[in-house]
Amino acid sequence: MTSQAQNPEEYIKEVPEERKVTIIKLRNVILENLPKGFKEAMSYGMIGYVVPHEIYPSGYHCDPKLPLPFMSFASQKNSINFYHMGIYADKELYNWFVTEYGKFSKKKLDMGKSCMRFKKAEDIPFDLLGELVSKITPQDWIATYEKAFTK
């Protein structure tokens, strides 16, 4: 489900009523732990967090007009999804997260390359996601991104 919302507040208004509290809580956890320099923006129809052009003028290699994406979340048809490119690009961070996840949840981690899917609100490890969010600064992400994704 891709949203046409122009800002996070519009996006939240579109979320099904039974998920609003969870989406707001997830957004607040992110904002409380987000390192300085990232910017909240709508990104690919989701609430996203990007490195703005003021910090990284090159932008995203797939479309340099776009700021460098880093993290986002969305209310999808069957789950709430949290996307974190740092986990995809940094094996050490990935290993840390997978190990820590078991301390926060008894549920099996449903995860793709950068996407975690949570079918129920009570399955979301908010404290762990907050810690994950705090681990990478924009400068860290730029260095990892350039090493992993640019030629």
Side-chain angles (χ1 to χ4, degrees), residues 1-5 7-8 11-12 14-52 56 59-63 66-151:
M1 166 177 133
T2 301
S3 172
Q4 300 303 314
N7 58 57
Y11 183 89
I12 290 168
E14 295 176 351
V15 171
E17 210 50 50
E18 65 274 8
R19 287 194 180 165
K20 271 191 172 73
V21 170
T22 303
I23 290 294
I24 291 167
K25 182 175 180 179
L26 181 55
R27 180 182 182 214
N28 288 339
V29 165
I30 292 168
L31 290 172
E32 288 165 8
N33 291 282
L34 193 66
K36 185 177 173 155
F38 285 111
K39 180 180 173 188
E40 184 178 59
M42 292 305 295
S43 182
Y44 297 96
M46 301 178 279
I47 298 176
Y49 301 87
V50 301
V51 179
Y56 190 65
Y60 185 36
H61 72 278
C62 294
D63 183 351
L66 296 175
L68 180 61
F70 175 59
M71 180 175 50
S72 59
F73 67 94
S75 176
Q76 301 293 351
K77 183 177 179 182
N78 296 312
S79 60
I80 293 174
N81 295 357
F82 178 78
Y83 304 83
H84 191 284
M85 289 300 295
I87 283 182
Y88 177 60
D90 182 338
K91 186 72 172 160
E92 190 175 313
L93 185 63
Y94 171 86
N95 291 337
W96 169 84
F97 184 82
V98 170
T99 300
E100 289 297 306
Y101 181 81
K103 299 174 186 175
F104 288 81
S105 178
K106 301 294 180 219
K107 296 280 183 176
K108 181 179 184 281
L109 179 58
D110 182 1
M111 186 168 154
K113 291 180 180 179
S114 72
C115 173
M116 294 161 240
R117 293 169 287 276
F118 302 101
K119 292 195 186 312
K120 297 179 182 173
E122 58 268 17
D123 296 342
I124 300 173
F126 292 102
D127 290 340
L128 179 60
L129 294 180
E131 190 174 344
L132 174 64
V133 167
S134 73
K135 286 193 168 287
I136 298 180
T137 66
Q139 292 72 24
D140 295 335
W141 175 232
I142 291 166
T144 301
Y145 168 78
E146 288 182 341
K147 183 177 173 188
F149 297 109
T150 61
K151 306 267 186 266

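The structure displayed is predicted, hence computed values, not measured ones.
Within 6.0 Å of OH on Tyr94 lie no more than 12 heavy atoms contributed by other residues, nucleotides or ligands. In Tyr88, the OH atom is not crowded: 12 or fewer heavy atoms of neighbouring residues, nucleotides or ligands sit closer than 6.0 Å. Remark: Glu18 CD is packed, more than 12 non-hydrogen atoms of other residues, nucleotides or ligands lying under 6.0 Å away.
Pairing each heavy atom of Ala89 with each of Ala148, the nearest pair is CB-CB, 4.2 Å. In this structure, Pro35 and Ser134 approach most closely via the heavy-atom pair CG-O, 4.0 Å. Pro67 and Val51 get closest at one heavy-atom pair: CB-O, 3.4 Å. Closest of all the heavy-atom pairs between Pro125 and Phe104 is CB-CB, 3.8 Å.
A distance of 6.0 Å separates NZ in Lys119 from CG in Asn78, rounded to the nearest 0.5 Å. In this structure, CD in Glu122 is found 7.5 Å from NZ in Lys107, a value given to the nearest 0.5 Å. Put simply, OG on Ser72 and NE2 on His84 are 10.5 Å apart, with the number rounded to the nearest 0.5 Å. Here the straight-line distance linking atom OG1 of Thr144 with atom CZ of Phe70 works out to 8.5 Å at 0.5 Å rounding. A distance of 7.5 Å separates CD1 of Ile80 from CG of Leu26, quoted to the nearest 0.5 Å. Here the OH-CE distance, from Tyr101 to Met116, works out to 9.5 Å after rounding to the nearest 0.5 Å.
By the 30° and 60° cut-offs, the orientation of the rings of Tyr60 relative to Tyr44 is perpendicular. Note: Phe73 and Tyr49 have parallel aromatic rings, judged against thresholds of 30 and 60 degrees for the angle between ring planes.
Within the 4.5 Å cutoff, no side-chain heavy atoms of Ile124 are placed close to those of Lys25. Residues Leu109 and Phe97 have side chains in contact (heavy-atom distance under 4.5 Å, counting atoms from C-beta outward). Counting only heavy atoms from C-beta outward, the side chains of Trp141 and Asp90 never approach each other to under 4.5 Å. Taking the side chain as every heavy atom from C-beta outward, Ile47 and Met42 approach each other to under 4.5 Å. Taking the side chain as every heavy atom from C-beta outward, Phe82 and Leu132 approach each other to under 4.5 Å. Residues His61 and Tyr145 meet the side-chain proximity criterion, which asks for heavy atoms closer than 4.5 Å. In this structure the side chain of Thr137 reaches within 4.5 angstrom of the side chain of Asp140, judged on heavy atoms.
Each of Ile30, Ile24, Leu31 was scored for a side chain to side chain contact (heavy atoms under 4.5 Å, CB included) with Arg27, with one residue passing: Leu31.
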**OP:** Begin with the C-alpha distance, continue with both residues' side-chain angles, and end with the deciding distance and a verdict on side chain to side chain contact (heavy atoms under 4.5 Å, CB included) for Met46 and Asn81.
**Re:** CA-CA 10 Å; Met46 301 178 279; Asn81 295 357; over 6 Å; no

**OP:** Take Lys135 and Trp96 through the side chain to side chain contact (heavy atoms under 4.5 Å, CB included) test and state the conclusion after the steps.
**Re:** CA-CA 11 Å; Lys135 286 193 168 287; Trp96 169 84; 3.3 Å; yes

**OP:** Quick one: do Tyr11 and Ser75 satisfy side chain to side chain contact (heavy atoms under 4.5 Å, CB included)? Show the steps, please.
**Re:** CA-CA 9 Å; Tyr11 183 89; Ser75 176; 3.9 Å; yes

Subject >> side chain to side chain contact (heavy atoms under 4.5 Å, CB included) assessment of Glu40 paired with Leu34 >> reply: CA-CA 10 Å; Glu40 184 178 59; Leu34 193 66; 5.7 Å; no

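Using a distance-only test at 3.5 Å, with no hydrogens or angles considered, no donor-acceptor pair links the side chain of Arg19 to the main chain of Ala121.
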